[in-house]
Amino acid sequence: MLKLGINNCDNESYHKDRKYKSSSTLKLFLKDPREYYKRYVLGEEREEMYKSAYDFGSYMHSLILEPHKTVLEFAVFEGATRRGKAYDEFKSANEGKTIITASQAQQALDLLHLYNEHVDTAGLIQDGVAEHTLCVELEGMPIKVRADYIKEGMIIDVKTSSDPVDKYSAAKTIIRFDYDLSAALYVDAFKEYTGQDHEFVFAFLNKQNGDVGILKASKELLENGRKKYRAAIKGLAQAEKSGVYYKEGIQEVDLPSWAEFKE
């Protein structure tokens with residue numbers, strides 16, 4: 001069970017907790033309240049569509065943030081495919097570990113080398129704490145955050161991506177995946193607990209070409225994310241009170257602001 005304040009827990013315990021709402025749950029409710037209802041109210045198990053990409057991202061996180069734990073939490077399968085007797089035996093022998101392929105491991109090591117060689121990463125993951133879990137109350141709702149890395153006045157979030165990592169392209173990625181919501185929630189949660197302001201830094205790693213982008217969230221980006229998480233909390237609080245999480249029937253789809261045709 002998580003509790004208010006700092007929690008010394010593993011990743012599995014963090015994700016299993018249902019009392020506190022995470023940025024992922026708020027993002028899901030904001031975009032798809034029906035799916036939120038199925039997953040978090042009915043407790044339906046959902047198939048992970050992007051498990052391979054998620055496992056790779058977790059492996060990169062481990063290599064960068066907690067390399068001393070990598071061999072304890074991950075196992076590299078040298079076989080050609082994740083099927084058959086050899087894979088089943090390997091999986092059984094490494095129960096409890098996340099299994100990645102040899103090609104994924106090599107890709108991660110190549111990317112780690114490029115990350116370490118990048119001019120803006122020197123000293124970034126240093127003098128701080130990795131996988132730091134905090135529970136607070138924001139806008140009247142119990143909230144949990146798990147910072148990839150936190151140090152004096154700075155929260156660092158490592159992201160693997162297939163998209164370009166220059167600041168213009170990364171901005172599109174941030175908005176598309178609501179990373180701005182996460183950034184605002186994290187800085188506000190730690191401000192609530194410590195009373196101190198924190199910068200939020202994205203460390204983007206491009207899986208396709210090895211580019212690295214170290215980008216700080218602007219005040220405007222954080223404020224946009226703040227509007228999102230507050231709207232999500234307000235809507236979710238109303239849903240929990242009323243028991244109505246989504247509307248039935250045909251819904252009206254609106255035109256995104258960026259898609260409006262200009263004559």
Side-chain angles (χ1 to χ4, degrees), residues 2 4-7 11 14-15 17-33 35-36 40 57 61 65 124-125 128-161 163 165-205 213-240 256-258:
L2 298 183
L4 285 172
I6 300 297
N7 288 259
N11 198 48
Y14 174 82
H15 287 291
D17 173 84
R18 288 293 181 264
K19 177 182 178 181
Y20 294 89
K21 311 301 182 185
S22 67
S23 64
S24 295
T25 58
L26 294 179
K27 286 188 282 188
L28 181 60
F29 180 81
L30 195 63
K31 284 200 168 180
D32 192 347
E35 178 63 22
Y36 177 94
Y40 292 104
H61 273 72
L65 302 170
L124 189 64
I125 306 301
V129 181
E131 304 294 354
H132 200 47
T133 297
L134 170 67
C135 293
V136 297
E137 186 174 289
L138 288 178
E139 306 291 320
M141 182 163 285
I143 296 293
K144 62 180 179 179
V145 295
R146 187 169 174 84
D148 285 352
Y149 200 82
I150 187 167
K151 57 201 291 187
E152 185 66 31
M154 183 183 293
I155 300 168
I156 301 159
D157 196 37
V158 178
K159 298 289 188 190
T160 54
S161 175
D163 298 323
V165 297
D166 63 275
K167 67 177 185 179
Y168 302 107
S169 300
K172 296 178 183 178
T173 301
I174 289 167
I175 297 303
R176 183 165 80 252
F177 293 108
D178 293 317
Y179 292 156
D180 54 336
L181 183 155
S182 300
L185 191 71
Y186 277 52
V187 297
D188 287 359
F190 278 98
K191 175 68 178 289
E192 175 70 21
Y193 182 72
T194 67
Q196 298 179 349
D197 291 321
H198 289 76
E199 293 181 339
F200 195 91
V201 175
F202 295 99
F204 278 104
L205 293 83
I214 309 300
L215 304 166
K216 183 179 76 171
S218 69
K219 290 181 179 179
E220 291 76 15
L221 189 146
L222 289 173
E223 186 55 37
N224 195 66
R226 193 168 286 118
K227 291 175 182 177
K228 287 182 180 180
Y229 88 63
R230 286 175 175 170
I233 287 176
K234 181 179 179 181
L236 183 53
Q238 292 174 345
E240 290 181 337
S257 58
W258 55 263

Q: Taking Ser169 for the side chain and Asp166 for the main chain, is one N or O donor matched with an acceptor at less than 3.5 Å?
A: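 The answer is no, because no donor-acceptor pair under 3.5 Å joins these two groups.
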Q: Do the side chains of Ile6 and Thr133 get nearer than 4.5 Å, heavy atoms only?
A: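 No, too far: nothing below the 4.5 Å cut-off.
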Q: Name all residues meeting the side chain to side chain contact (heavy atoms under 4.5 Å, CB included) criterion together with Val158; count only those two or more places apart in sequence or in a different chain, and write none if there are none.
A: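 With neighbours one apart ignored, the set is His61, Ile64, Leu65, Asp148, Ala203, Leu205.
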Q: How many angstroms lie between atom OG1 of Thr25 and atom OH of Tyr40, to the nearest 0.5 angstrom?
A: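 One finds 5.5 Å between OG1 of Thr25 and OH of Tyr40.
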Q: Are more than 12 heavy atoms, taken from residues, nucleotides or ligands other than Lys167, located less than 6.0 Å from that residue's NZ atom?
A: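 Atom NZ in Lys167 is not crowded, with 12 or fewer foreign heavy atoms closer than 6.0 Å.
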Q: Within a radius of less than 6.0 Å around CD of Glu152, do more than 12 heavy atoms belonging to other residues, nucleotides or ligands occur?
A: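 Open.
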Q: With side chains defined as the heavy atoms from C-beta onward, is the minimum distance between Ser218 and Leu221 less than 4.5 Å?
A: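 Touching, per the 4.5 Å side-chain cut-off.
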Q: To the nearest 0.5 Å, what is the distance between CG (Leu185) and CG (Asp180)?
A: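 CG of Asp180 is found 11.5 Å from CG of Leu185.
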Q: Have a look at Glu223 and tell me which of Glu220, Lys219, Arg226 forms a side-chain contact (heavy atoms from CB on, under 4.5 Å) with it.
A: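 Option passing the side-chain contact (heavy atoms from CB on, under 4.5 Å) with Glu223: Arg226.
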Q: Is it true that Asp163 and Lys172 make a salt bridge, defined as a side-chain N closer than 4.0 Å to a carboxylate O?
A: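 No.
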Q: Measuring only between side-chain heavy atoms, which start at C-beta, is Phe202 closer than 4.5 Å to Ile214?
A: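 Contact flag for Phe202/Ile214 side chains = no.
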Q: Please test Lys19 against Leu2 for side-chain contact (heavy atoms from CB on, under 4.5 Å), starting from the C-alpha separation and ending with a verdict.
A: CA-CA 8 Å; Lys19 177 182 178 181; Leu2 298 183; over 6 Å; no
Q: Which donor-acceptor pairs under 3.5 Å do side chains of residues 229-238 form with protein atoms, sequence neighbours excluded?
A:
{"unit_1": "Tyr229", "atom_1": "OH", "unit_2": "Asp188", "atom_2": "OD2", "d": "2.6"}
{"unit_1": "Arg230", "atom_1": "NE", "unit_2": "Glu139", "atom_2": "OE2", "d": "3.4"}

Q: Evaluate the side-chain contact (heavy atoms from CB on, under 4.5 Å) criterion for residues Leu28 and Leu26: first the C-alpha distance (whole Å), next the side-chain angles of each, then the deciding distance (0.1 Å), finally the verdict.
A: CA-CA 5 Å; Leu28 181 60; Leu26 294 179; over 6 Å; no
Q: Is there a donor-acceptor pair closer than 3.5 Å between any side-chain N or O of Lys228 and the backbone N or O of Leu30?
A: no
Q: Parallel under 30°, tilted from 30 to 60°, perpendicular over 60°: which one fits the rings of Tyr36 and Phe29?
A: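 Aromatic pair Tyr36/Phe29 classed perpendicular.
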Q: Would you call Asn7 and Cys135 a side-chain contact if the rule is heavy atoms closer than 4.5 Å?
A: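 Yes, their side chains come closer than 4.5 Å.
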Q: Looking only at non-hydrogen atoms, find the nearest pair between Leu215 and Ala170 and report the distance.
A: CD1-CB, 3.4 Å
Q: Compute both the distance and the angle, then confirm whether Lys144 meets the cation-pi test with Tyr14: under 6.0 Å from the six-membered ring centre, within 45 degrees of the axis.
A: yes
Q: So, Lys21 and Glu240, do they make that salt bridge, N to O below 4.0 Å?
A: yes
Q: If we only count heavy atoms from C-beta on, is the Ile143 to Tyr20 side-chain gap below 4.5 Å?
A: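 Heavy-atom side-chain distance check fails, nothing below 4.5 Å.
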Q: Using only atom types and a distance under 3.5 Å, with no angle test, would you say the side chain of Asp178 pairs donor to acceptor with the backbone of Leu181?
A: no
Q: Check the pair Ile155, Tyr149 against side-chain contact (heavy atoms from CB on, under 4.5 Å), reporting the backbone distance first and the verdict last.
A: CA-CA 6 Å; Ile155 300 168; Tyr149 200 82; over 6 Å; no
Q: Which word best sums up how the rings of Tyr186 and Phe200 line up, parallel for under 30°, tilted for 30 to 60°, or perpendicular for over 60°?
A: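 Perpendicular: the ring planes of Tyr186 and Phe200 meet at over 60°.
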Q: Less than 4.5 Å apart, side chain to side chain, heavy atoms only: is that true for Arg146 and Asn11?
A: yes
Q: Contact between Ile156 and Met154 at the side-chain level, heavy atoms closer than 4.5 Å - yes or no?
A: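 Side chain of Ile156 against side chain of Met154, heavy atoms only: contact under 4.5 Å found.
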Q: Does the side chain of Thr160 come within less than 4.5 Å of Phe204's, by heavy atoms?
A: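 Side chain of Phe204 against side chain of Thr160, heavy atoms only: no contact under 4.5 Å found.
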Q: Return the minimal non-hydrogen interatomic distance between Ser182 and Ser23, and the atom names on each side.
A: OG-OG, 3.3 Å
Q: Run the side-chain contact (heavy atoms from CB on, under 4.5 Å) test on Asp157 and Val201 for me, step by step, so that the C-alpha distance in whole Å, both residues' side-chain angles and the decisive distance to 0.1 Å come before the verdict.
A: CA-CA 6 Å; Asp157 196 37; Val201 175; over 6 Å; no
Q: On the ring face of Tyr179, is Lys159 found with NZ or CZ under 6.0 Å from the centre and within 45° of the axis?
A: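 Yes; both conditions hold, so Lys159 lies above the ring face of Tyr179.
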